[in-house]
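The structure under discussion appears below in the form of structure tokens.
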Amino acid sequence: MRKLSLVIGVVCVLSLTGCASTYRLTEVETDIVAENMAALLLKYDHNYQDTALLLPEEALEKEVFPAGTDTHTGDASIPSNDTKEDKKENKEDTVELHGEKEYTLSQVISAKDFDIQYKGYQLYINYPEDTSATYFSLTPREGDQLLAVLFDAVNTSNDTKSLNLIKTGNRFELKVNEERTYVPLLTLLENDLQYINIPIDGQKTEEVILVFEIPKEEISAVSLTVTNEDKAVNIPMK
């Protein structure tokens, strides 16, 4: 009776539509199923004794349900034509499309051969504090103060190189207390990072700065954002 049940099950499966899985048999597979169904019916006919037409049960199941066929019922799914390589490329595209590439400050401001590192900030009433040793100084308006952002510019090569950012189009924005944004002052300071153009010996370090004018108030949070075309870096400042 087990084989008869198998035949009935096969007939049911092949006739189901809707949510059941559909099995598309080739002409040869259809003939095999038909022959074995007939042979099974004859086997259980008491007036028929020849069982030579019967395939072994395992062979029958193999022919009806080829290897890899999902025999459970449920919503039919469309096989994916994506190869492993296609899936890998799609994953990489997703990462590049939705991810945000990280840049260093040196990469953003196009400081080739230099490593520019943020090292801190200081507040001033006048900059520099000792005006006797300089030809240029900055004095804020009443009620304001100066905030100088300090960087180390390291020449990573062994030769003297010019740190020249005059035509790079860099943009600097200082955000104070998560409220207002400020741009740096235009100065005549030689080491002003906005429009700097100074030679630095190989493997040597020079201090460079940005100077902002901000209100005299307590600072709870401050950060600097540097952008150039599609590149950007945010520097939390402490």
Side-chain angles (χ1 to χ4, degrees), residues 95-141 144-217 219 221-238:
V95 171
E96 187 166 339
L97 178 64
H98 298 290
E100 295 183 1
K101 185 175 180 179
E102 294 184 358
Y103 295 95
T104 65
L105 177 58
S106 302
Q107 291 173 329
V108 173
I109 66 177
S110 302
K112 186 179 179 181
D113 298 317
F114 289 91
D115 182 20
I116 312 298
Q117 295 288 341
Y118 165 75
K119 68 175 186 177
Y121 74 90
Q122 293 182 18
L123 298 173
Y124 295 91
I125 300 301
N126 296 287
Y127 186 86
E129 291 179 318
D130 183 7
T131 58
S132 62
T134 182
Y135 63 90
F136 177 81
S137 64
L138 294 171
T139 301
R141 291 169 293 187
D144 286 354
Q145 59 186 339
L146 299 176
L147 185 151
V149 186
L150 310 175
F151 305 88
D152 277 337
V154 182
N155 182 349
T156 57
S157 73
N158 294 320
D159 303 319
T160 299
K161 301 284 185 178
S162 289
L163 178 57
N164 186 347
L165 303 182
I166 293 178
K167 297 182 180 180
T168 53
N170 297 313
R171 297 184 299 277
F172 304 92
E173 293 183 346
L174 184 77
K175 193 166 189 178
V176 178
N177 296 340
E178 302 295 337
E179 296 174 354
R180 299 184 61 183
T181 300
Y182 303 88
V183 296
L185 298 175
L186 295 175
T187 77
L188 296 178
L189 297 171
E190 184 182 45
N191 61 340
D192 187 334
L193 188 61
Q194 292 181 91
Y195 302 106
I196 196 168
N197 184 11
I198 61 173
I200 301 178
D201 294 336
Q203 302 299 321
K204 297 297 183 179
T205 301
E206 291 287 342
E207 183 180 85
V208 296
I209 68 169
L210 292 170
V211 181
F212 297 84
E213 183 175 354
I214 65 173
K216 283 184 179 179
E217 60 182 2
I219 298 177
V222 59
S223 63
L224 178 70
T225 300
V226 185
T227 57
N228 188 327
E229 296 181 349
D230 59 342
K231 296 179 290 187
V233 62
N234 183 265
I235 303 172
M237 297 162 54
K238 297 180 180 180

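Below, all heavy atoms of this structure are taken into account, side chains as well, without hydrogens, waters or symmetry copies.
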Is there a side-chain contact between Asn197 and Ser162, using heavy atoms and a 4.5 Å cut-off? yes
Minimal heavy-atom distance between Gln107 and Glu102, with the atoms involved, is OE1-O, 4.3 Å
To the nearest 0.5 Å, what is the distance between OG1 (Thr205) and CZ (Phe151)? 14.5 Å
On a heavy-atom basis, the closest approach of Val149 and Tyr121 is CA-CB, 4.2 Å
Ser223 and Pro236 have their tightest heavy-atom pair at CB-CA, 4.2 Å
Would you call Ile109 and Thr168 a side-chain contact if the rule is heavy atoms closer than 4.5 Å? no
Specify the closest pair of heavy atoms between Tyr182 and Pro215, including all atoms of both residues, with the distance to one decimal. OH-CD, 3.1 Å
Judged by modelled atom types alone, do Ser157 and Asp159 share a side-chain donor-acceptor pair under 3.5 Å? no
More than 12 heavy atoms of other residues, nucleotides or ligands under 6.0 Å from CD of Glu217: yes or no? yes
To the nearest 0.5 Å, tell me how far Thr187 OG1 sits from Leu146 CG. 11.0 Å
Verdict with reasoning, Val108 to Thr227, per side chain to side chain contact (heavy atoms under 4.5 Å, CB included): CA-CA 6 Å; Val108 173; Thr227 57; 5.5 Å; no
Measuring from Asn155:CG to Thr160:OG1, what's the distance to the nearest 0.5 Å? 7.0 Å
Tell me, do Lys161 and Ile200 make a side-chain contact under 4.5 Å, heavy atoms counted? no
Is Tyr124 close to Leu138 at the side-chain level, that is, under 4.5 Å between some pair of heavy atoms? no
Side-chain heavy-atom pair Leu210, Leu224 within 4.5 angstrom cut-off: yes
For the residue pair Leu193 and Leu165, what are the closest heavy atoms and their distance? O-CD1, 3.5 Å
With salt bridge (charged side-chain N to carboxylate O under 4.0 Å, His left out) as the rule and sequence neighbours excluded, what pairs involving residues 206-215 come up? Lys119-Glu207, Arg141-Glu213
Applying side chain to side chain donor-acceptor pair (under 3.5 Å), name anything that partners Ser106, two or more places apart in sequence or on another chain. none
Euclidean distance, Asn234 CG relative to Thr225 OG1, rounded to 0.5 Å: 4.0 Å
Rounded at 0.5 Å granularity, tell me how far NZ in Lys231 sits from CG in Leu105. 11.0 Å
Go through the steps for Val154 and Gln117 under the test side chain to side chain contact (heavy atoms under 4.5 Å, CB included), then give the verdict. CA-CA 8 Å; Val154 182; Gln117 295 288 341; 5.8 Å; no
So how far is it from Leu147 CG to Phe212 CZ, rounded to the nearest 0.5 Å? 7.5 Å
Minimum-distance pair of heavy atoms, taken over all atoms of Gln194 and Leu186: OE1-CD2, 4.0 Å
The complete set of salt bridge (charged side-chain N to carboxylate O under 4.0 Å, His left out) pairs with one or both residues in residues 178-202, sequence neighbours excluded, reads none
